[in-house]
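Just so it is clear, the model here is predicted, and its values are computed rather than measured. Just so you know, these numbers use all the heavy atoms, side chains as well, and skip hydrogens, waters and symmetry mates.
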Amino acid sequence: MTDVAQPLGVVLDPVRGGAEPAFSGYLTEILAHVGLPYEVVPAPDPRFALLVVTAAGDLDADALHPWLSHGGRLLLLGDPGPLAELAAVRVTAPVTEGRVVFGPAPAWGTPPDVPLRAFGGVRMAPAAAASVVARWDDGSAAVTVRRVGAGTVMVIGADLCQSVVRIQQGWPVHGDGAPPSDNTSPVDDGVLKVDDGIALSYEQDRALPPGEVLEPGFAHAWPPEAVAPYFHRPHADLWRHVLLRTLWWLAPALPWLGYWPAGVPAVGHLSHDTDGNADPDAAVALETFARSGAAATWCLLPPAPGGGPALSPETTARIAAEGHELGLHFDAHSPGRGFTEAELAAQLAWARAADGPVTTNKNHYLRWEGWDDFYRWCSAMGILVDGSRGPGTQGNVGFPFGTCHVAYPLGALPVLMLPLHFQDLAWTIQPAIAEAVLGQVLAHHGVLHCLFHGANMRLSPETRRAVGAIVGLGRSLGLHWWTAARIGAWERARRGVTLRPGPGLLHIDAELPLQDAAILIPLGDAPVPTVTGAPLRRSVVQRHGIAHLEIALTLLPGRTTLRLT
């Protein structure tokens, strides 16, 4: 029989009563999104072959040593605390913010090709028994590995969980952000938006497309007159990649649940904002989307206070009839409207009265204030997916929030953050940049989110052509194009699936039906096993840079058991 790996044992920071959620707790969100089997335990438990620890402060190295000597594997995230000697390292300094440079290592194979932005963690000095596999930008050790008998202890000194959260959710927005000196991203415009809180660095975390140079005196204009640097790598997703590859190195057959249906490497998403609420603009958008063959999420802008224009009932009915999703375009930008919970409730009530069960939103002008207050409002009102985190200028397109994956915010608020990557292809950015962003989305198996506006589509034949071009290119590479509601429904169904591996068996418990689910098992050097127990299909696919056995089957509520021979 073939044994898939045991579940992970996860030891988290204790959360004090009344305190904000600890960053370390976000590890469970990262693992849940991947669909890995894990169990949170209050202390290291020898039942587990692999333990992941985010709070080493109260742990006893002497108690862990026998377990490690007999083949246990220990992954420490952040400060190793009293386990530093066991890991053969010495903590030399705390880190508030820095960058980690990865080298080739068995844990992750080919390293990230950029230094990864990190928030929190420690610098370390290794003893002779430890190997350094990644360094901070000052040369000090950031990631170390030590063999202890038949076991392994690895320390990722960067605070991986805090880094993912900070990159994805940025800093609280209470004023204009600081723009780069090259004039490519003038975020200091007096309008508070998500990109005023970007945590990545304009100076260090962007790049120009190959062969391009930044011309002096860059003019920020639409359509673009020159190429601007863009956030070319999804730093939060690269941290996830490092973690996952490390886990599969330490537990080579650890199974997980594919992000998308079997055989689908990534998903594309078209959204449309009805700014101006003009029926002729909407007609152009409908015709353009129809030619592309992809349904979009239409974020409907409420009429301005005092009786501004609205789309006609006939146009709204046509949007729904042609298979598109109707969502809200929350307006906290127009005169007389504020960024408040009461304003959101009123506009959502308008949308639902006119358009039915609206569960998706994107903010007009990508308006934002504070940090996670808006997600709390959405959670209370039944908004399940929000697509407001993205770029508002030419110089911060791509991955300004470091991700192409849907995720829940810190604190387990039940609204999915759907990242936005660019607006109005050929009107705000060059198609070549969009294609490069698509390449990263495929590499990380996430969502490519392309936003369009009917007015810009009407004015720009190039933008209309770009819709069909990006949809067609995505399809040719395996992408399926989904609405936000479909993405949200799929992710919520995935979150109801629990993998329970055992000797020669894999139990799969599902709360909701999930058609064409993909159960993935890293292969390494092992032969492809025979799988029985349910109607299924088998294939070998590449995910996160390594070969996996993909088991495709439809899950029904209850338990499905697979046997691996």
Decide yes or no for [X] and [Y]: does some side-chain heavy atom of the first lie under 4.5 Å from some side-chain heavy atom of the second?
| X | Y | result |
| --- | --- | --- |
| Leu244 | Leu36 | yes |
| Ile167 | Thr403 | no |
| Phe401 | Val194 | yes |
| Pro80 | Val122 | yes |
| Gln6 | Arg47 | no |
| Leu31 | Leu247 | yes |
| Val441 | Phe399 | yes |
| Tyr38 | Leu27 | no |

When you measure from the side chain of [X] to the backbone of [Y], do you find a donor-acceptor pair of N or O atoms at a distance under 3.5 Å?
| X | Y | result |
| --- | --- | --- |
| Glu29 | Ala412 | no |
| Arg367 | Asn363 | no |
| Trp67 | Phe48 | yes |
| Asp159 | Gly121 | no |
| Trp239 | Arg117 | yes |
| Trp260 | His445 | yes |
| Arg123 | Ser140 | no |
| His235 | Gly402 | no |
| His449 | His421 | no |
| Gln169 | Asp372 | no |

Identify which one of [options] satisfies the side-chain contact (heavy atoms from CB on, under 4.5 Å) criterion when paired with [X].
| X | options | value |
| --- | --- | --- |
| Pro37 | Leu254, Thr498, Leu8 | Leu254 |
| Leu425 | Ile433, Ile470, Leu451 | Ile470 |
| Pro112 | Val100, Leu238, Val101, Asp237 | Leu238 |

Do you know which two heavy atoms are closest between [X] and [Y], and how far apart they sit?
| X | Y | answer |
| --- | --- | --- |
| Leu12 | Gly25 | CD1-CA, 4.4 Å |
| Leu473 | Glu435 | CD2-CG, 3.6 Å |
| Asp195 | Pro391 | OD2-C, 4.0 Å |
| Ala130 | Val89 | CB-CG1, 4.4 Å |
| Leu257 | Arg494 | O-NH2, 2.8 Å |
| Pro44 | Val11 | N-CG2, 4.0 Å |

How long is the gap from [atom1] on [X] to [atom2] on [Y], to the nearest 0.5 Å?
| X | Y | atom1 | atom2 | answer |
| --- | --- | --- | --- | --- |
| Ile546 | Arg245 | CD1 | CZ | 5.0 Å |
| Ile487 | His480 | CD1 | NE2 | 13.0 Å |
| Asp176 | Leu192 | CG | CG | 6.5 Å |
| Met124 | Asp79 | CE | CG | 9.0 Å |
| His220 | Glu225 | NE2 | CD | 11.0 Å |
| Ser24 | Leu160 | OG | CG | 11.5 Å |

Steps toward side-chain contact (heavy atoms from CB on, under 4.5 Å) verdict (Val173, Lys193):
CA-CA 7 Å; Val173 175; Lys193 308 175 301 302; over 6 Å; no
Begin from the C-alpha positions of Val267 and Trp490 and carry the test side-chain contact (heavy atoms from CB on, under 4.5 Å) through to its verdict.
CA-CA 12 Å; Val267 162; Trp490 176 265; over 6 Å; no
Is the closest side-chain donor-acceptor distance between Arg206 and Ser185 under 3.5 Å?
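There is no such pair between these side chains.
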Distance-only donor-acceptor check, side chains Trp256 and His548, under 3.5 Å:
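Their side chains do contain a donor-acceptor pair, which is all the 3.5 Å distance test asks for.
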Pair Trp222-Asp424, side-chain contact (heavy atoms from CB on, under 4.5 Å): steps then yes or no
CA-CA 10 Å; Trp222 291 284; Asp424 296 307; over 6 Å; no
Please find out if less than 6.0 Å separates the ring center of Trp171 from that of Phe119.
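Yes, they do, as the ring centres are separated by less than 6.0 Å.
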Under 6.0 Å between ring centres, would you say that holds for His33 and Tyr259?
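Ring centroids of His33 and Tyr259 are less than 6.0 Å from each other.
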Could you tell me whether Tyr365 atom OH has more than 12 heavy atoms of other residues or ligands within 6.0 Å of it?
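Result for OH/Tyr365: open.
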More than 12 foreign heavy atoms under 6.0 Å from NE2 of His174: is that the case here?
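Count over threshold, so yes.
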Under the 6.0 Å and 45° cation-pi test, does Arg389 pair with Trp368?
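The answer is yes, since Arg389 meets both limits relative to Trp368.
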Evaluate the ring planes of His444 and His241, with Trp represented by its six-membered ring, and classify them as parallel (under 30°), tilted (30 to 60°) or perpendicular (over 60°).
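Geometry flag for His241 against His444: perpendicular rings.
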According to the interplanar angle, ranging from 0 to 90°, do the rings of Trp248 and His544 count as parallel (below 30°), tilted (30 to 60°) or perpendicular (above 60°)?
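Plane angle between 30° and 60°, so tilted.
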Pair Phe422-Tyr230, side-chain contact (heavy atoms from CB on, under 4.5 Å): steps then yes or no
CA-CA 10 Å; Phe422 47 76; Tyr230 70 109; over 6 Å; no
CA sep, side-chain torsions, deciding dist, call: Glu85, Arg146, salt bridge (Lys or Arg N to Asp or Glu O under 4.0 Å):
CA-CA 11 Å; Glu85 185 176 352; Arg146 183 195 180 188; over 6 Å; no
